[in-house]
Amino acid sequence: MKIATWNVNSLRVRLPHLLDWLAQEQPDVVGLQELKCTDAQFPFAELAAAGYQAAVNGQKTYNGVALLAREMPQDVTRDLPGFDDAQKRVISGTVCGVRIVNAYVVNGQAVGSEKYEYKLRFLDAFRQLLAAEHAAHTQLVVMGDFNIAPTPDDTHDPAQWEGKILCSEPERAALRAITDLPLADGFDLAPAPEGRFTWWDYRQAGFRRDLGLRIDHLLLSPEAAARLTGWRVDKAPRRLERPSDHAPVIITLE
DNA sequence: ATGGTCGTTATACGA
């Protein structure tokens, strides 16, 4: 079973890349983030023609997430219960007996900002959702753009990044509170990959110079982790003309 | 040199 996460940074702009990539990689489940489109604007027909059903939690201009699978995901839920938020960042569903949670975590802008406080509140509510999903489903995979680099090694330049947004200790502690549920980071379990970064800033020729961070993650319950055979970043779509600033991350389960 | 580049029913703002 092949499961992938990809922040596409506008689905309408990236649809040709997505369709080519689906044909190439043939994933069973895909979590998309930053659709930047409404449910009404979502390209259901194009994806169905490519062999994928979609459950969508869309929003105009910002945010928006979707789950793609060969068969329509079951028991789909949206957003975070008890967390009053107009931003569409979470969608969950069950595919082939695996509970999937797909999230676009708040960026946070800068440590100490209002958006940073919102990020930490979001992460606390997200952890509560994941605790409930963990209790209800033994096979659980949590994926998405977490906007958190877990360790200094997950940055191209720790001296530049430590303590800054995406790399501050409260953000990392919030991620540890999630992995302590427990949900293992697929990156830590699989054979060491050639590259670990998943996002490169559009500015300063970040991708060409490999000035990246590892901020997109796939976390697995113990029973799902026992099935993990691989973790990798697919940098091919990031090399194309007019790419997303994120690359897809793909795991394989037995 | 205090910027740089993307995307958006934009023309400032979020990432």
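Throughout, protein chains are lettered first and strands after them, A, B, ... in sequence-line order, and every chain is numbered starting at 1.
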Would you please name every residue forming a side chain to side chain contact (heavy atoms under 4.5 Å, CB included) with [X], sequence neighbours left out?
| X | result |
| --- | --- |
| H134(A) | L140(A), L181(A), P182(A), L183(A), S221(A), P222(A) |
| D75(A) | T94(A), R99(A) |
| D201(A) | W199(A), R203(A) |

*Relative to each other, are the rings of F197(A) and W200(A) parallel, tilted or perpendicular (30° and 60° limits)?*
perpendicular
Distance, [atom1] atom - from [M] to [N], rounded to whole angstrom:
| N | M | atom1 | result |
| --- | --- | --- | --- |
| dT9(B) | dG14(B) | P | 15 Å |
| dT5(B) | dA10(B) | P | 23 Å |
| dC6(B) | dT11(B) | C1' | 15 Å |
| dC13(B) | dG4(B) | P | 16 Å |

*Could you encode protein contacts along nucleotides 6-15 of chain B as a string, one character per nucleotide from 5' to 3', using B for base contact, S for sugar-phosphate-only contact and - for no contact, with a heavy-atom cut-off of under 4.0 Å?*
SSSB----SB
*Taking only residues two or more places apart in sequence or in another chain, which ones pass salt bridge (Lys or Arg N to Asp or Glu O under 4.0 Å) with R172(A)?*
E162(A)
_My understanding is that only residues two or more places apart in sequence, or in another chain, count here; which of them pass salt bridge (Lys or Arg N to Asp or Glu O under 4.0 Å) with R70(A)?_
none
